[in-house]
Visitor: 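Quick one: the structure is below, and I'll ask about it shortly.
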Amino acid sequence: NIMNQLVSTTENVTSNMKEITAATNMTATSIEEQNTMTTSIQQAIEHTGEVSNAMVDIAMDSNDSIKKNIEELEDICTE
C-alpha cells in the first residue's frame, strides 16, 4: 500500500543521505590531510633552500680560501 511505500522510500532517502554525509566527511578529512601534507612539503622545500644557500656560502668561502692559499704559495715560490 501507499503508506508502506512512503515509509520505505523515506527510509531509503534517509539511508542515502547518511551515506552522502559520511562521504562528505571523508572528503573533508582527506582535504585536511592533503593541506597538512602540502604545508609539510612546503616547509621541507624551504628548509632545503636554506641548506642549499648555506652550502653555496661555504663553497664560496672555501673557494676564496683556496685562491688565497694559491696566491701565498705562488708568492713563496717566487721569493
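All residue numbers refer to positions in the sequence shown, counting from 1. Atoms considered below: every heavy atom in the structure, side chains included; atoms not considered: hydrogens, waters and symmetry mates.
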Visitor: CG of N25 to OG of S30: how many Å apart, nearest 0.5 Å?
Guide: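 Spacing of CG (N25) from OG (S30) equals 10.5 Å.
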Visitor: Minimum heavy-atom separation for T78 and D75, please, with both atom names.
Guide: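 Taking every non-hydrogen atom into account, OG1-O, 3.0 Å.
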Visitor: Within the distance-only criterion (no hydrogens, no angle test), does the side chain of S8 pair as donor or acceptor with the backbone N or O of N4 below 3.5 angstrom?
Guide: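 No: the side chain of S8 does not pair with the backbone of N4.
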Visitor: Give, for atom OG1 of T10 and atom CE of M17, the distance between the pair rounded to the nearest 0.5 Å.
Guide: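 Rounded to the nearest 0.5 Å, the OG1-CE separation comes out at 13.0 Å.
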Visitor: Within this structure, what is the OG1-CD1 distance for the pair T38 and I31, rounded to the nearest 0.5 Å?
Guide: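 Output value for this atom pair is 11.5 Å.
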Visitor: Do T9 side-chain atoms and Q5 backbone N/O form a donor-acceptor pair below 3.5 Å?
Guide: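 Yes, T9 side chain to Q5 backbone: donor-acceptor pair under 3.5 Å.
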Visitor: Any chance you could measure L6, atom CG, to N1, atom CG, to the nearest 0.5 Å?
Guide: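 That separation rounds to 10.0 Å.
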Visitor: Atom CG of N35 and atom CD of E33: how far apart are they, to the nearest 0.5 Å?
Guide: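 If I round to the nearest 0.5 Å, the distance is 10.5 Å.
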Visitor: Give a yes or no answer on whether the side chain of S65 reaches the backbone of D61 with a donor-acceptor pair at less than 3.5 Å.
Guide: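 Not a single qualifying donor-acceptor pair exists.
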Visitor: Just by distance, do the side chain of S40 and the backbone of T36 share a donor-acceptor pair under 3.5 Å?
Guide: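 No, S40 side chain to T36 backbone: no donor-acceptor pair under 3.5 Å.
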Visitor: I'd like to know if the side chain of S52 and the backbone of T48 have a donor-acceptor N/O pair within less than 3.5 Å.
Guide: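 It does hold such a pair.
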Visitor: Hey, any chance I20 and V13 share a hydrophobic cluster, counting ILVMFWY side chains that come within less than 4.5 Å of each other, even indirectly?
Guide: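 Shared cluster, yes.
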Visitor: Hey, could you give me the CD/OG1 distance between E19 and T24, rounded to the nearest 0.5 Å?
Guide: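 Taking CD in E19 and OG1 in T24, the distance rounds to 11.5 Å.
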